[in-house]
Amino acid sequence: MSSPVLSIRAFIGTRDFTVSRSFYRAFGFSEVVISPALSYFSLQGIGFYLQDAYVQDWVDNSMLFLQVADVEQYWAELAALDLPGTYEGVRVTPIRQEAWGKEGFVYDPSGILWHIGEFNRE
């Protein structure tokens, strides 16, 4: 392919579009409303589409991996947001060490699983 690739953007669903939009803004993403049922959320040049659509099997199997430079620092900033205390159903798990690096998990209000991790440096 000779044309430069500029991005890849997942489409994710939500059980409650209004709550999820608020959650992602609180998480630090900027929102661009595309239509009453679709928004684009971005953070430092990366992003995804949030749809006002809920298919349980699809949402229950949606996962995203957010690679960060320093997962410990990111986790401290994430903890300060107290997203589980603000949004019903949100869960945050502790960082764990894996053979490839470190990661923690965040479940959004609909149950979409975010892997937030840092790969080992060689």
Practice problem: Could you go through the side chain to side chain contact (heavy atoms under 4.5 Å, CB included) check for Arg15 and Val59 one step at a time? | Solution: CA-CA 8 Å; Arg15 185 175 299 135; Val59 170; 5.6 Å; no
Exercise for the section: Given side chain to side chain contact (heavy atoms under 4.5 Å, CB included), test Leu43 with Phe27 step by step and report yes or no. Expected result: CA-CA 10 Å; Leu43 178 68; Phe27 198 160; over 6 Å; no
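Within the 4.5 Å cutoff, no side-chain heavy atoms of Ile95 are placed close to those of Glu118. Within the 4.5 Å cutoff, the side chain of Val68 has no heavy atoms near those of the Trp75 side chain. Side-chain contact check for Phe48 versus Arg9: every heavy-atom pair is 4.5 Å or farther apart.
Of all heavy-atom pairs spanning Leu81 and Ala26, the tightest one is CD1-O, 3.6 Å. Minimum heavy-atom separation, Gly13 to Ile112: O-CD1, 3.2 Å. Heavy atoms only, all atoms of each residue included: Asn120 and Gly101 are closest at OD1-CA, 3.1 Å. Listed here is the closest heavy atom pair of Gly117 and Val71: CA-CG2, 4.2 Å. The minimum heavy-atom distance linking Tyr87 with Pro109 is given by the pair CB-CG, 4.3 Å.
Under a hydrophobic clustering in which Ile, Leu, Val, Met, Phe, Trp and Tyr are joined whenever their side-chain heavy atoms come within less than 4.5 Å, directly or via other members, Leu64 and Val90 fall into the same cluster. Under the 4.5 Å side-chain heavy-atom criterion for ILVMFWY residues, a single connected hydrophobic cluster contains both Ile116 and Ile46.
To the nearest 0.5 Å, atom CG of residue Leu50 and atom CG of residue Leu38 are 8.0 Å apart. Here the straight-line distance linking atom CZ of Arg25 with atom CD of Glu31 works out to 5.0 Å at 0.5 Å rounding. One finds the CE atom of Met63 at 5.0 Å from the NE2 atom of His115 (value rounded to the nearest 0.5 Å). Rounding to the nearest 0.5 Å places OG of Ser20 at 12.0 Å from CD of Gln51. To the nearest 0.5 angstrom, Asn61 atom CG is 10.5 Å from Leu113 atom CG.
Paired with Val106 under the rule side-chain contact (heavy atoms from CB on, under 4.5 Å), one option of Leu78, Thr93, Leu66 passes, and it is Leu78. For the ring-ring contact (aromatic ring centres under 6.0 Å, His included) with Phe65, the qualifying choice from Trp114, Phe105, Phe119 is Phe119, the only one to do so. Of the listed residues (Tyr24, Phe29, Phe17, Tyr49), just one forms a side-chain contact (heavy atoms from CB on, under 4.5 Å) with Ser39, and that residue is Phe17.
Environment of CD in Gln44: sparse, with no more than 12 heavy atoms of neighbouring residues, nucleotides or ligands closer than 6.0 Å.
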